[in-house]
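Order of listing sets the numbers, starting from 1, for every ligand and every atom in it.
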Amino acid sequence: MKELENEDPVKLEEFQKKIDAEQKIEPKDWMPAAYRKNLARQISQHAHSEIIGMQPEGNWLTRCPSLRSKKILLAKIQDEGGHGLYLYSAAETLGVSREEFIQMLHEGKAKYSSIFNYPSPTWADIGAIGWLVDGAAIVNQVSLQRTSYGPYARAMVKICKEESFHQRQGYEIMFKLSQGTAKQKKMAQDALDRWWWPSIMMFGPHDEDSPRSALALKWKIKRETNDELRQKFINRAVGQAELLGLTVPDDELRLKENGDYHFGPINWDEFYQVLKGYGPCNKQRLDNHKKAHSDGQWVREAAIAYSKKQKDKAA
Ligand code: FAQ
């Protein structure tokens, strides 16, 4: 493999043995450059997703239908911010600073999840995001709790606990709406129609079109393939939609003999357009992030100056 040409074969073999024995790789351990680079990319993209992912829900904070739902949504969005922070910290252990990661995001050199480039026009979208987007994120992240890199695996344990609360808050919103008036039920159905396919795309390209998967699976960065995780998610979500009395927008959906659902073709053109920056909200999401980052510059400077002052005092 081209990525491994310059690596010491003995060290590489020892590294693989460790991975095969399910031992975690820690920041000071030897690791191939390609392992470090791919992990830094994946973890930082994951972190960017958590932070940018606060925006579609933040859009509804001032318009929640009750104080109770507002408190819950506020807590959820705050959790997502926390997830971003654990993940940036895990990624920084690979030798790249958070500032550098954020610069790459702003320059369009790093991605964040395609899903957050879709709009949330109604309160039902907040339900669909919690139910489907957090639901998809959990399926992926439960698997990542067993990733080979220690700091990433440990961050995932806490994140998964919080995500399951997020998924339930979304499902509760969908449940209330689907039990409500005909208009409310339609709102829930429309939101399901909007978020179903983008949630399916979140798992990334089919395995045969996923350039990162071979090495990521060999090194146990990823423990299951994109298609395996996507199938798990669909199998769960279809039953949940039935309980809500809603219809999954896929004419080809049917239960197969092996217990998996067969599903229709995914619109990969749409997926790659979103990845290239042409989704409905890409520009808005990135512009918001850049503005918030620049508006917060003085806070970061003040925090650094304060901590320096405290250190000087103690010296
Ligand atoms: N969006 O070869 P693969 C959340 C890229 S957290 C954008 O298959 P890989 C919580 C991929 O990065 C959601 N880009 O790549 C929440 C790669 O990019 P490259 C985020 C995508 O990495 C809920 C290229 O395509 N979760 O939602 C996407 O082996 C509610 C080739 O693809 C994670 O990030 C996509 N959907 O597998 C927050 C989980 N899919 O190399 C707020 C960790 C693929 O060109 C509110 N990440 N790409 O730069 C992973 O598990 C993996 O990175 C995959 C992709 C599975 C996403």
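- Donor-acceptor pairing under 3.5 Å is recorded for the side chains of D193 and Q189.
- For atom 16 (C) of ligand 1, the nearest non-hydrogen atom from the set F116, Y152, F271 belongs to F116.
- Side-chain contact, N59 with Q55: no donor N or O sits under 3.5 Å from an acceptor N or O.
- Neither side chain, Q167 nor E163, offers a donor N or O lying under 3.5 Å from an acceptor on the other.
- The P205 neighbourhood of ligand 1 comprises atoms 8 (O), 32 (O), 44 (C), with distances under 4.0 Å to a heavy atom of that residue.
- Near G53, meaning under 4.0 Å from any of its heavy atoms, are these atoms of ligand 1: 42 (C), 46 (C).
- Checked by atom type, the side-chain pair E100/S97 shows a donor-acceptor distance below 3.5 Å.
- If you check which protein heavy atom lies closest to atom 6 (S) of ligand 1, you get E50 OE2, 3.8 Å.
- For the residue pair H166 and D79, a side-chain donor N or O sits within less than 3.5 Å of a side-chain acceptor on the partner.
- Looking at N267 and W197, their side chains never bring a donor and an acceptor atom within 3.5 Å of each other.
- Using a 4.0 Å cut-off between heavy atoms, K76 contacts ligand 1 through its side chain alone, with no backbone atom that close.
- Looking at ligand 1, you'll find an N or O of M202 within less than 3.5 Å of one of its N or O atoms.
- For atom 4 (C) of ligand 1, the closest heavy atom belonging to the protein is A137 CB, 3.6 Å.
- Using the six-membered ring where Trp is involved, W268 and Y272 have ring planes that are tilted, between 30° and 60° apart.
- Of the listed options R212, Q42, K222, R230, K222 places a heavy atom closest to atom 55 (C) of ligand 1.
- Inside a 4.0 Å radius of atom 30 (C) of ligand 1 there is at least one protein heavy atom.
- With a heavy-atom cut-off of 4.0 Å, N140 touches ligand 1 through its side chain alone.
- Here CG of N6 is found 11.5 Å from CG of D8. Values are rounded to the nearest 0.5 Å.
- Taking only nitrogen or oxygen atoms, main chain and side chain alike, Q141 does not reach within less than 3.5 Å of ligand 1.
- When heavy-atom distances to ligand 1 are checked against a 4.0 Å cut-off, P211 comes that close through both its backbone and its side chain.
- For the ligand labelled ligand 1, residue L144 lies inside the 4.0 Å heavy-atom shell.
- Using a non-hydrogen distance threshold of 4.0 Å, A216 does not register as a contact of ligand 1.
- Within the 4.0 Å heavy-atom criterion, the part of E80 lying near ligand 1 is the side chain and not the backbone.
- For the residue pair N38/R41, the side-chain donor-acceptor check at 3.5 Å is satisfied.
- Checking Q231 against D227 by side-chain atom types alone, no donor-acceptor pair falls below 3.5 Å.
- Residue, atom and distance of the protein heavy atom nearest to atom 23 (C) of ligand 1 are D134 OD1, 3.4 Å.
- In this structure, the protein non-hydrogen atom closest to atom 11 (C) of ligand 1 is R41 NH1, 3.7 Å.
- In terms of N/O distances under 3.5 Å, ligand 1 is approached by N226.
- The heavy atom nearest to atom 35 (C) of ligand 1, considering only S44, S49, S114, is found in S114.
- At a 3.5 angstrom cut-off on N or O pairs, K111 counts as close to ligand 1.
- Scanning the protein for heavy atoms near atom 25 (O) of ligand 1, the closest one is L275 CD2, 3.9 Å.
- Of all protein heavy atoms, the one closest to atom 3 (P) of ligand 1 is S210 OG, 3.4 Å.
- Taking atom 40 (N) of ligand 1 as the reference point, the nearest protein heavy-atom neighbour is G204 CA, 3.2 Å.
- In this pair, F203 and F233 present their aromatic rings tilted. The plane angle is within the 30 to 60° band.
- No hydrogens or angles considered: nothing links the side chains of Y112 and H289 as a donor-acceptor pair under 3.5 Å.
- Residues D207 and S210 have side chains that never bring a donor and an acceptor to within less than 3.5 angstrom of each other.
- Interface of F203 with ligand 1, defined as ligand atoms under 4.0 Å from a residue heavy atom, comprises 56 (C).
- No donor-acceptor contact under 3.5 angstrom links the side chains of S148 and K24, judged on distance only.
- Heavy atoms of H83 found under 4.0 angstrom from ligand 1: none, in either backbone or side chain.
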